[in-house]
Number of protein chains: 2
Amino acid sequence: MTMSSAKISAAIDNLKSVGVRITPQRHAILEHLIQSMSHPTADEIYKALEGKFPNMSVATVYNNLRVFKEAGLVKELTYGDSSSRFDCVTTDHYHIICDSCGKIVDFHYPGLDEVESLAESVTGFDVGRHRMEIYGVCPDCKRKH
Amino acid sequence: MTMSSAKISAAIDNLKSVGVRITPQRHAILEHLIQSMSHPTADEIYKALEGKFPNMSVATVYNNLRVFKEAGLVKELTYGDSSSRFDCVTTDHYHIICDSCGKIVDFHYPGLDEVESLAESVTGFDVGRHRMEIYGVCPDCKRKH
DNA sequence: TCTTACTTTATAATCGTTATAATTAGTCTA
DNA sequence: TAGACTAATTATAACGATTATAAAGTAAGA
């Protein structure tokens, strides 16, 4: 059993356990998210699967990404650009994004708990979470310029 | 001379120095951004000024926000929700956002330089900048619930 | 099998933002 | 001040991502 098929089974069990029906479309979207190792947009997923599901509606992709999000399997990444990207939740990590080509690379760093607790004491908020992205130029683009 | 009128003059001088013409609309948008002390959307600015400029086009707001951004006077904040917000650049700071009412509060914290340099060495990127937002529930909303 | 709720599909609607073209206004020079 | 050039504004249409709607299909339980 491969690494990603184990992840897929685990995700499917997770969904089943909260009463989500596993349709062929859902399976395929999940599989694509896990195997692609990238952070695709809804439209990229839609296009990647149109060979297998010529009749699938783009709404199905959006609907199911929402279902996966609600189940905690997927995170929606919203950067400045036009469309959201979707990331399978594995372990917590940040992202570093190339200003030149848009590539997104995972970046592991211990959670910034001190920042959260300071923010809490300074602002009086109950802090729940934070997000951080780092921007720069990736090695490939550095080489090209 | 008030605090904000000094800021407005400084911003206008800045714009003039790079050859940007100061029109009444530009003055008003800038003034609103500086005086409102909030982080308005383009549409909020448009609505706030329609009393003074009944014929102003929404495109004018967008155009000028882009001009201000290019001059380094304004930052565009893109969160998950539908529309961008715009923030006058003063000193560097982060934002803390209420999950319940959407309020955005400035939060000063020393720049996370260590994170940037670690990211640089781990990923091979040339790091230029980062963004961080903290999410939680603001004191007002805590009281209400 | 019947029923019920869920899912997918096709399509239209929505909404923030951008592009276009025409008009207006500022600025420079003669 | 007139004339000419350029930039800015306006009105409007276009665009693209996402969401809503309604109809048709599908799974699962009684």
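Side chains are part of it too, since the values below use all heavy atoms of this structure and drop only hydrogens, waters and symmetry mates. Letters go in sequence order (proteins before strands), and every chain restarts at 1.
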| field | Verdict with reasoning, A/E70 to A/V18, per side-chain contact (heavy atoms from CB on, under 4.5 Å) | value | CA-CA 10 Å; A/E70 284 164 2; A/V18 291; over 6 Å; no
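Taken to the nearest 0.5 Å, the CZ atom of A/F68 stands 6.0 Å off from the CG atom of A/L15. To the nearest 0.5 Å, the span separating OH on A/Y135 from CD on B/E116 amounts to 12.0 Å. Distance CG/B/N63 to OG/B/S57: 8.0 Å, rounded to 0.5 Å.
Contacts of B/R129 classified as salt bridge (charged side-chain N to carboxylate O under 4.0 Å, His left out), with partners at least two apart in sequence or in another chain: A/D99. Under the rule for a ring pair (Phe, Tyr, Trp, His ring centres under 6.0 Å), the partners of B/H108 that lie at least two apart in sequence or sit in another chain are B/H93. Applying the salt bridge (charged side-chain N to carboxylate O under 4.0 Å, His left out) criterion to B/D140, with sequence neighbours excluded, gives B/K103, B/R143. Remark: A/S36 engages A/S38 in a side chain to side chain donor-acceptor pair (under 3.5 Å) (not counting sequence neighbours).
Residues B/L33 and B/P40 are in side-chain contact: their nearest non-hydrogen atoms beyond the backbone lie under 4.5 Å apart.
Residue pairs meeting the ring pair (Phe, Tyr, Trp, His ring centres under 6.0 Å) criterion with at least one member in residues 41-64 of chain B, sequence neighbours excluded, do not occur. Listed by first and then second residue, the ring pair (Phe, Tyr, Trp, His ring centres under 6.0 Å) pairs that reach into residues 5-27 of chain B come to none, sequence neighbours excluded.
Remark: nothing in residues 38-53 of chain A comes within less than 4.0 Å of DNA chain D through any heavy atom. DNA chain C is contacted by B/Y62, B/S82, B/S83, B/S84 of residues 60-84 of chain B, taking any non-hydrogen atom closer than 4.0 Å.
Taking the nucleotide of DNA chain C with the nearest heavy atom to each of B/V58 and B/T23, the more 5' of the two is matched to B/V58. Where A/V20 and A/P54 meet DNA chain C, the nucleotide closest to each residue was compared, and A/V20 sits on the side nearer the 5' end.
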May I have the list of side-chain donor-acceptor pairs in residues 71-81 of chain A shorter than 3.5 Å, sequence neighbours left out?
residue, atom, partner, partner atom, Å
A/E76, OE1, A/K69, NZ, 2.5
A/E76, OE2, A/S84, OG, 2.6
A/T78, OG1, A/R131, NH1, 3.2
A/Y79, OH, A/H95, ND1, 3.4

| remark: In B/S/- notation (B base, S sugar-phosphate only, - none; protein heavy atoms under 4.0 Å), nucleotides 22-30 of chain D written 5' to 3' is ----BS---
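More than 12 heavy-atom neighbours from other residues, nucleotides or ligands sit within 6.0 angstrom of NZ on B/K142. Heavy-atom contacts from other residues, nucleotides or ligands closer than 6.0 Å to CG of B/D92 number 12 or fewer.
For the helix from C/dT1-D/dA30 to C/dA30-D/dT1, the axis fitted to the five pairs at one end and the axis fitted to the five pairs at the other end meet at an angle of 10° (nearest 10 degrees).
Listed for the B/N64 side chain is a donor-acceptor partner under 3.5 Å among the backbone atoms of B/T60.
The outermost nucleotides of DNA chain C lying under 4.0 Å from heavy atoms of chain B, listed 5' to 3', are C/dG16 to C/dT27.
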